[in-house]
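A short worksheet on the structure shown next.
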Amino acid sequence: MSQVDKTSQAVAPGEEREDKRREDQGEDGDEDAVPELDRYGFVLGAKNDINTLSSDEFSGRKRRRSLQTLRHREIKWVHLLNDWDTVIRGDGKHKKRSVEKAKERCRKGIPYAVRGRAWPMLCGANARKARHPTLFGDLAACPTDKTSPVAEFLDIIDRDLNRTFPHHFLFKDVGGQGQADLRDILKAYALYNPVLGYCQGMGMLAGTFLMVMPAEDAFWCLVSVLEEPQYCKGFFDAGLKEVQIATGTMGALLQRRFPKVQAHLEEQGMMPIMFATDWFLCCYVKTLPWESVLRVWDMFLFEGLRVIFRTSIAIMTMLRKHLLKECPTIQELMTTLRNLPADLLQPERLLPEILNTSVKNDELAESYALQIVEFAKAKGVDDVDPPEVAEGKSRFQCPAAMPTLGLEDRGLPVTALETIAAHKARAQEAPGRQEKAGAADVQGSVKAAVGKTAAAASAASARPDASPPANGRSAAGAQGPGEQSPAAGMSPSSSPGTSGSGSARGNGSAGSRTSRGSLRRIEVQPSPPRKASAPHVESEDDSDGDWV
């Protein structure tokens, strides 16, 4: 190929930028073009976003279920949710059988149409909401200025909003309704638990709930997941102690099942916390395609924390041969484990592997308790409190079947209650302050008018030869020609309500006497009977002569 041909095929920098601009705006170059979305609301074709990869892209076929089958499953779930507190959390003789049946339904996947109602029921959020029906609204309405007890977290929350699901239609618009609801949820939780406040990663959990339910239900689901030991309690605490213990437990499970893989990781200096932190903090939201995320969360909210461990072992099971053969150094290991192959993570392959992974509760509880002791020894603490070990073992109970899930009232933080009370007090005082300020303004206007009239009357009395104004009004604001003034001809000694025989349109001395009489009446006499609620004086700004 000649040099001319090569030059003709080259793309000018300006054309390259124009192509990039058109690609960003859409194929037709329309900035307002609506992007194509998948069935979960993610923008199709978004780069570097594992959530946007649908299973159809890898299977080459669209999975179809008949509407009759979907409707049948939805009706089953509606009946189950209607009797949830009685059948699942009650003490009936068939409770064990009912719990197993509900667990199987969660493993098959909750229909999308009822997921927004099912998730709060599974994690106890509905019970928390019933105990505090107005709390979320009160917390979300609290001011967000520098006086807020969580002011230090608000800037971080605002920065993280644009990083939370940027390719989902609910959150892609800056300042949109989705981001506003997400901000309210995160701010409300920071007020609800000011000791923990806000940490990066919470927005991914809150956003996941917000995609399938209203903001208030999403808030209470977030509270349940972050406050219940059977879910993620302590994972966002300072120092990530619980995450270190959890990843250490994952390493112990790997050692028992795949000792060669664990030995290879240790030889290269790879610890589970180096690649599995997001797995536990965000519950695989940043790791799996969205359909797999929903299926894992269906099981997670019913069975609890052990699903997170079972999923981690399932992923390592599918990757074990690749890690041993294709990842000889830490660079390859880190690249593979931080960017998992998407074809392995689709629900058709991942879900069967999770269900085939056997991790008993006793094994998890024992390994977790051992890691608590090891972590304490690494920190120089030889004796660990037995309650801490006992709580670690209790983390692997099935939360959805616990009768007390969401019902244990641990009390609201004092800071949150004080913030709500202060906000309500300010809201109640605001109308009173406005009325008081309005009354003060009226009183000040009246006093100003009286003062101006008094000054004018004093000036008139100091000039005996002063003539009436051109429009026929006296210095005290008497009526115009042909009108009888209420103060006409009244002498200084006249009693209130007694009319004199003079006219306000007399000579200068008569005008002076009328002015002096009006001045004295303003100072010491009560208001005339014509309008008892207002001083007997005319406003200078009122050209029609109405009484103030």
Lys/Arg-Asp/Glu bridge criterion (N-O < 4.0 Å) met for R395, E228: no
So, does N339 use its side chain to make a donor-acceptor pair with the main chain of T335 at under 3.5 Å? yes
Determine whether the side chains of E363 and Y368 contain a donor N or O and an acceptor N or O closer than 3.5 Å. no
Side-chain donor-acceptor pair present, D160, Y198, cut-off under 3.5 Å: yes
For residues R163 and Q200, determine if any side-chain heavy atom of one lies less than 4.5 Å from a side-chain heavy atom of the other. yes
Closer than 4.0 angstrom, basic N to acidic O: yes or no for E100 and K103? yes
Mind checking whether F165 and H168 have parallel, tilted or perpendicular rings, split at 30° and 60°? perpendicular
Quick one: sort the F136 and F219 rings into parallel, tilted or perpendicular, breaks at 30° and 60°. tilted
Once you round to the nearest 0.5 Å, how far does CG of N126 lie from NZ of K129? 9.0 Å
Using atom types as modelled and distance alone, determine if a side-chain donor or acceptor of T208 lies under 3.5 Å from a backbone N or O of M204. yes
Sub-4.5 Å side-chain heavy-atom contact between L122 and W84: yes
Is the closest side-chain heavy-atom distance between L182 and L170 below 4.5 Å? no
Verify the ring-centre separation between F209 and W297: is it less than 6.0 angstrom? yes
Are side-chain heavy atoms of P166 and K172 found at a separation under 4.5 Å? no
Salt bridge check: are K108 and D298 linked by an N-O gap of less than 4.0 Å? no
E326/K321 salt bridge by N-O under 4.0 Å criterion: no
Are the side chain of T86 and the backbone N or O of D83 linked by a donor-acceptor pair below 3.5 Å? no
Taking the ring of H167 and the ring of F42, is the distance between their centroids below 6.0 Å? no
What pairs of donor and acceptor atoms, side-chain ones from residues 299-313 against any protein atom, are under 3.5 angstrom apart with sequence neighbours left out?
unit_1: E303; atom_1: OE1; unit_2: R107; atom_2: NH2; d: 3.2
unit_1: E303; atom_1: OE1; unit_2: R306; atom_2: NE; d: 3.4
unit_1: E303; atom_1: OE1; unit_2: R306; atom_2: NH2; d: 3.2
unit_1: E303; atom_1: OE2; unit_2: R107; atom_2: NE; d: 3.0
unit_1: R306; atom_1: NH1; unit_2: N361; atom_2: OD1; d: 2.9
unit_1: R310; atom_1: NE; unit_2: T357; atom_2: O; d: 3.2
unit_1: R310; atom_1: NH2; unit_2: I354; atom_2: O; d: 3.1
unit_1: R310; atom_1: NH2; unit_2: L355; atom_2: O; d: 3.4
unit_1: R310; atom_1: NH2; unit_2: T357; atom_2: O; d: 3.2
unit_1: T311; atom_1: OG1; unit_2: V307; atom_2: O; d: 2.8
unit_1: S312; atom_1: OG; unit_2: F309; atom_2: O; d: 2.6

Between R115 and I110 (side chain of the first, backbone of the second, donor and acceptor by atom type, cut-off under 3.5 Å), is there such a pair? yes
Between Q179 and G175, is there a donor-acceptor pair closer than 3.5 Å when you use the side chain of the first and the backbone of the second? yes
Closest non-hydrogen contact found for I88 with A102 is CD1-CB, 4.0 Å
May I ask you to test the I315-L337 pair for a side-chain heavy-atom distance under 4.5 Å? no
